[in-house]
There are 2 protein chains.
Amino acid sequence: MAKDSTTEQLIADTAEKVFLEKGIAGARMQEIADAAGINKALLHYYFRSKDKLFEYVFDRVFQDFVMRLRTVFEEELPIEGQIRVFISRYIQIFDRKPGMPLFIQTELYRNPDLIKRFTFLQSVFPADYIRKEIAKKVEVGEWRPIRVSDFLTNLIGLCVYPYLAQPLLQHAFSMNDSDYQGFLENRAETIYTFFLQGLRTQ
Amino acid sequence: MAKDSTTEQLIADTAEKVFLEKGIAGARMQEIADAAGINKALLHYYFRSKDKLFEYVFDRVFQDFVMRLRTVFEEELPIEGQIRVFISRYIQIFDRKPGMPLFIQTELYRNPDLIKRFTFLQSVFPADYIRKEIAKKVEVGEWRPIRVSDFLTNLIGLCVYPYLAQPLLQHAFSMNDSDYQGFLENRAETIYTFFLQGLRTQ
DNA sequence: TTATAATTTAACTAAATGGTTAAACCTAAC
DNA sequence: GTTAGGTTTAACCATTTAGTTAAATTATAA
């Protein structure tokens with residue numbers, strides 16, 4: 001019977017696009033079916049309900065995100081190098097799916113229970129490891145003391161904010177789409193320099 | 001007949017809460033009416049349609065935001081002092097309405113036309129002024145060169161991100177609500193130090 | 001008092017929407 | 001060729017939802 005998962009894949013991919021664009025409340029099952037080139041009956045044949053489909057998509061999106069980042073702080077590099085990789089990989093993820101950060105934050109804000117689905121989050125936010133590295137750097141007088149939560153919030157905020165606030169920033173800086181694309185392309189290097197300098201003592 | 005604007009106010013305040021929490025797509029007129037302690041008929045009596053009500057609320061929220069920030073970079077202070085004021089005022093705004101940043105970004109992302117309603121945005125993002133100040137500081141060797149767009153994106157991102165990503169961060173750092181509140185309270189100082197240091201040459 | 005505006009009540013409409021059903025059709029494996 | 005599962009069609013159901021209506025009621029200002 002050769003489980004033909006192509007259709008399931010197609011549905012999930014299409015649903016992801018629609019959900020990313022409109023959120024669960026704004027998305028319509030009919031629209032997903034149309035966009036996938038199938039009919040509503042088949043949609044419910046594969047995914048019983050809108051909620052089930054949403055959860056499936058949400059998990060997939062988040063897993064994709066986590067999987068691309070979880071190994072960064074395990075690599076054999078000095079912390080500065082890990083930070084550089086972290087930044088560029090973060091940006092790389094969102095370049096492929098610019099709507100992803102806003103989607104995750106919004107759905108999470110409106111339904112905090114979704115947080116329960118977040119496994120492996122500690123590997124993307126390796127607080128203990130970072131704490132130790134900060135301590136080392138502080139001891140040799142290279143960095144100022146900083147809380148882990150501030151360290152990671154700053155780092156991630158610098159990476160993600162341009163994607164979360166794209167329409168606002170693009171308008172504020174009078175950029176067209178390709179201007180903004182150019183702006184984003186230079187961010188990785190800017191962030192790296194700025195972030196590391198921000199940590200230093202002098 | 002004394003136009004009793006109390007009810008209009010009440011409706012707008014209540015609608016704001018509901019819209020901030022659920023977005024336009026997730027909000028229900030009935031829910032707004034109930035929360036305001038009135039009936040749906042009266043809701044439509046004051047605001048003809050959901051869209052009209054939403055636009056009214058959206059404008060109010062954004063205007064409130066702009067009005068609290070527009071004067072910061074006109075104050076008689078050195079740029080460092082202006083930055084300090086900017087940060088603390090930014091944070092102060094969101095402390096009162098934590099859902100506001102996510103609301104604005106999400107609705108703007110899903111309906112980019114709303115950007116047309118953004119007047120005075122240039123006074124919150126005074127690109128020309130900042131450009132000149134950067135140039136001065138670079139000339140005396142105090143700051144590294146940085147694009148205005150990066151300068152403002154970094155500054156605002158550092159302020160706003162903890163509000164945009166509250167559920168995620170709170171979970172990642174295993175904080176309860178009061179932990180997170182404490183985390184936010186120290187942010188202003190942290191950001192100020194970190195941001196200014198990030199700009200420096202050495 | 002009287003007229004006018006605010007508010008409630010309650011029923012109603014029309015459209016959108018998630019989800020179901022059953023029969024028919026297609027296709028590939030056996 | 002038969003069978004089983006994927007797919008379509010098309011109608012249908014129940015519920016939700018924005019918005020309306022009209023009549024009754026309450027407050028308010030002139």
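Every chain is numbered from 1, with letters handed out A, B, ... down the list of sequences.
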Any salt bridge linking Lys17(B) with Asp13(B)? Criterion: basic side-chain nitrogen under 4.0 Å from a carboxylate oxygen.
no
Comparing nearest nucleotides in DNA chain D, the 5'-proximal residue of the pair Asn39(A), Tyr45(A) is Tyr45(A)
Going by atom types alone, do [X] and [Y] pair a side-chain donor with an acceptor below 3.5 Å?
X: Arg89(A); Y: Gln92(A); answer: no
X: Asn154(A); Y: Tyr161(B); answer: no
X: Gln170(B); Y: Asp179(B); answer: no

Hey, could you give me each pair passing side-chain hydrogen bond (donor to acceptor under 3.5 Å, both in side chains) that has a residue in residues 18-36 of chain A? Not counting sequence neighbours.
Lys22(A)-Glu31(A), Gln30(A)-Asp34(A)
Gap between atoms [atom1] and [atom2], on [X] and [N] respectively (whole Å):
X: Gln30(B); N: dA18(D); atom1: CD; atom2: P; value: 9 Å
X: Lys22(B); N: dT17(D); atom1: NZ; atom2: P; value: 10 Å
X: Asp34(B); N: dT8(C); atom1: CG; atom2: P; value: 12 Å
X: Glu8(A); N: dT7(D); atom1: CD; atom2: P; value: 10 Å
X: Tyr46(B); N: dG19(D); atom1: OH; atom2: P; value: 18 Å
X: His44(A); N: dG19(C); atom1: NE2; atom2: C1'; value: 5 Å
X: Lys40(A); N: dT7(D); atom1: NZ; atom2: C1'; value: 16 Å
X: Leu43(B); N: dT8(C); atom1: CG; atom2: C1'; value: 14 Å

Is Thr7(A) close enough to dG6(D) that one of its side-chain N or O atoms is under 4.0 Å from OP1 or OP2 there?
no
Distance below 4.0 Å between Arg28(B) side-chain N/O and dA18(D) OP1 or OP2:
yes
More 5' along DNA chain C: Ile38(B) or Ile24(A), using each one's nearest nucleotide?
Ile38(B)
How would you label the contact of Ala27(A) with the nucleic acid (heavy atoms, under 4.0 Å): base, sugar-phosphate, or nothing?
sugar-phosphate
Kindly point out which of [options] is positioned nearest to the side chain of [X]?
X: Leu42(B); options: dA18(D), dT8(C), dG19(C); result: dT8(C)
X: Ala41(B); options: dT8(C), dT8(D), dT7(D); result: dT8(C)
X: Met29(A); options: dG18(C), dT8(C), dG19(D); result: dG18(C)

Can you find a donor-acceptor pair, distance only, under 3.5 Å between Lys50(B) side chain and dG19(D) base?
no
